[in-house]
S.K.: 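Can you read through this structure? Questions will come right after.
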Amino acid sequence: MSVEPEVPIVQVEEVRENPVLYKIISSDNHVFTISEHAVKLSKTLWDLITNLGLTAENALDNPIPVENVNGKNMETIVQFCERHKYDEEEPEYTNYIREFVLPEWDRQLLSIDNEELFQLILATNYLDIQKLMDYCCRVIGDMAKDKTPEELRIIYGIPTDAEDDALERSASDSPGPSG
Amino acid sequence: MSEILSTNPLAIRHLILYEVLLKRTVEEGYQNLCEALGDNQYDYVDYHADPYLTPTDLPSDVLCKIVGELDIKDRMSTRKVCHLFQSVVDCERVEYNRLAIREKSDGCIEIEVNDYIIHYQQIGNDCTIQAKKEEESHERLQICQKVIDNSSHVDMFLNDLAIWLKPSIIHIDCVCICPIPEAISLQVLDILRNILRLRVRSGRILLNNADLVLSTLSCFEPGTLDSVWITHHKDKRLKDNRTVETEQFKQATSVDCRLFGIIDPIHIHRFHHLEYFEATFSTISAEDI
C-alpha cells in the first residue's frame, strides 16, 4: 500500500518562479518590481526592507523610494540583481586582488558611456551591491589597460593638474554677478 | 581665450564644476559661463543638465577598488594622471606576485615586479632604463627604453623602487633580494622599513652581510612569512643566535639557511616547529635529532 504525502511536493524551480516581490521607486518616479532574492544583493535595500518590516503580504503595497538613483540606473541594477540572484556566495578572499572573470552578459550590460558608468557606480555604491561594484571597477580598470597618462586623461575626461589650476584661476578672476 | 574655451568641452565642464563648487546657483553659474565664453555659446538647458562626472568625483574607496584592478604598469600610468590618482595609487594597499632585486655582472641593476623586468644601466653620465615584459611563453618582450640625462642609475632604481613600495600595506608573494652593493642594500632597507605592513609569504635574502640579512628579514611582518631562504657566508660560524630568535623565523613553516652560516647545535630546538628546514650545524648527534 502506498502512502500519499500529506504535503504537496513543490519543485524548486516553481518556488523560484513565485518569489516575494518588492516595489522600488527611483528618483524620477519610475516604479520597478524586484524579487526578494534579487533585492538581497543590495545591502542598503535589504536593510531598509528589514527595518521597515516589509513582508510578503505588505511588500507590494509599500513601495520603497530611492531618491539617489534615477530610473535608468535602477533599471540596470534590477536587471543585474535578477540575473545574479541565485549566484553562489562569494568566497572569502585571502588575497587583495579579486580574481574573477567578468561574464560576457555583464560586460554587455556595462557597455555604456563613461559618464553613465560613473553614475551607475555611484548608485551601486549607495545601494551597496558588492558584485556589481566589482564588475564596474573591472570595466573601468580595463579601460586603463596599456594606456599612457595622456590617453587616460582623455578617456576619463580629466585635465592635467596644471590645466585644472589654470581653469580655476581663470574662473576665480572673473567677477561673479554679485562681485 | 573665449574661442579656445568654447571649443573645449572639457574646459567648459571644469568651469561649470567650479561654479558648482562655489555653490553658485544655476542662473549665476550660467551667467558667468556666458561671460567667459561669449553669449549664446552654451545652451542654458545643457548647463542645467550637465552632470559632469569623471572618476575623480567617485568616492575614494571606489577609486581604491578601481586602482586595485590595475596591474603595476597601468598603476604607474594612472598615478601620473593627476594628484588625486597619485595619492590613491600611493595609499592603496597593493599585492605583488614577485619582487626581485639583483645586480648583474655588467653593473646594471635589475628589478622584477610581477611580469615586468626593468634594467637600470649607467652609460657615461646618463642612465638607461629598459623595461621588458615576460609573456606566458616566458619570452621577454621589450616594452620601452628611455635615457635619463645626467642621472645615476642607482638613484633612478631607488626612486622607482620607492614609488612601487609607497603604499603602507604591501603583500608580496615572493621577495628575492640577491647580492647588491652594501650601500644600495642599506637604501633598499630604508625603503622597506618605511612600509607600515610588509606582508611577504616567501622571502629569499641572499646578501653578503649577516646584519643586513637580519635587518631585511625583520622588515617582513611576522606571521605572514611562510618560507625563508637566507644566505650570507656559508663557511662562517654564526656569532650569535639572532637569526633563530627572530619572530619571522619562529613563525615560518619552512626555512633554508644552510648557506647562511654554521649554526651551533645548541640551537637545534629552534628548528623543531618547522615542517621543513635545511641548515648547516657545526656538529650533530643522534640526541640532537
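Numbered from 1 within each chain, the chains take letters A, B, ... in sequence-line order.
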S.K.: Specify the closest pair of heavy atoms between A:G141 and B:I66, including all atoms of both residues, with the distance to one decimal.
M.R.: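 Smallest heavy-atom distance, with atoms named: N-CG2, 4.3 Å.
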S.K.: Between atom CD of A:Q119 and atom CG of B:D57, what is the distance when rounded to the nearest 0.5 Å?
M.R.: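 Output value for this atom pair is 10.5 Å.
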S.K.: If you draw a 6.0 Å radius around NZ in A:K43, do more than 12 non-hydrogen atoms from other residues or ligands fall strictly inside?
M.R.: no
S.K.: Side chain, backbone, both or neither: which part of A:N125 has a non-hydrogen atom closer than 4.5 Å to chain B?
M.R.: side chain
S.K.: For B:P59 and A:L122, work out which heavy atoms get closest and say how close.
M.R.: CD-CD2, 3.6 Å
S.K.: Given that the side chain runs from C-beta out, which part of B:K73 has a heavy atom under 4.5 Å from chain A: side chain, backbone, both or neither?
M.R.: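 Contact with chain A involves the side chain of B:K73 alone.
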S.K.: Specify the closest pair of heavy atoms between A:F118 and B:L58, including all atoms of both residues, with the distance to one decimal.
M.R.: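 Distance-wise, the nearest heavy atoms are O-CD2, 3.7 Å.
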S.K.: So which of A:V139, A:I154, A:L152 has the largest heavy-atom pair count under 4.5 angstrom toward chain B?
M.R.: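 Heavy-atom pair counts peak at A:L152.
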S.K.: For the side chain of B:S77 and the backbone of A:K147, is there at least one donor-acceptor N/O pair under 3.5 Å apart?
M.R.: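 Yes; at least one donor-acceptor contact below 3.5 Å.
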S.K.: Which atoms form the tightest heavy-atom contact between B:K80 and A:P149, and what is the distance?
M.R.: CB-CG, 3.6 Å
S.K.: Decide if atom NE2 of A:H37 counts as having more than 12 heavy atoms of other residues, nucleotides or ligands within a radius under 6.0 Å.
M.R.: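 Atom NE2 in A:H37 is not crowded, with 12 or fewer foreign heavy atoms closer than 6.0 Å.
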S.K.: Need one label for B:D173: side chain, backbone, both or neither, based on atoms under 4.5 Å from any heavy atom in chain A.
M.R.: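 Contact with chain A: none, neither part.
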S.K.: Tell me whether A:K145 is salt-bridged to B:D71, with the criterion being a basic N under 4.0 Å from an acidic carboxylate O.
M.R.: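 Salt bridge absent between A:K145 and B:D71.
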S.K.: Can you tell me if CD on B:E275 sees more than 12 non-hydrogen neighbours from other groups inside 6.0 Å?
M.R.: no
S.K.: On a heavy-atom basis, which atom in B:L70 and which in A:A144 lie closest, and how many Å separate them?
M.R.: CD2-CB, 3.8 Å
S.K.: So for A:D146, is it side chain, backbone, both, or neither that comes closer than 4.5 Å to the heavy atoms of chain B?
M.R.: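 When you check distances to chain B, atoms from both the backbone and side chain of A:D146 fall under 4.5 Å.
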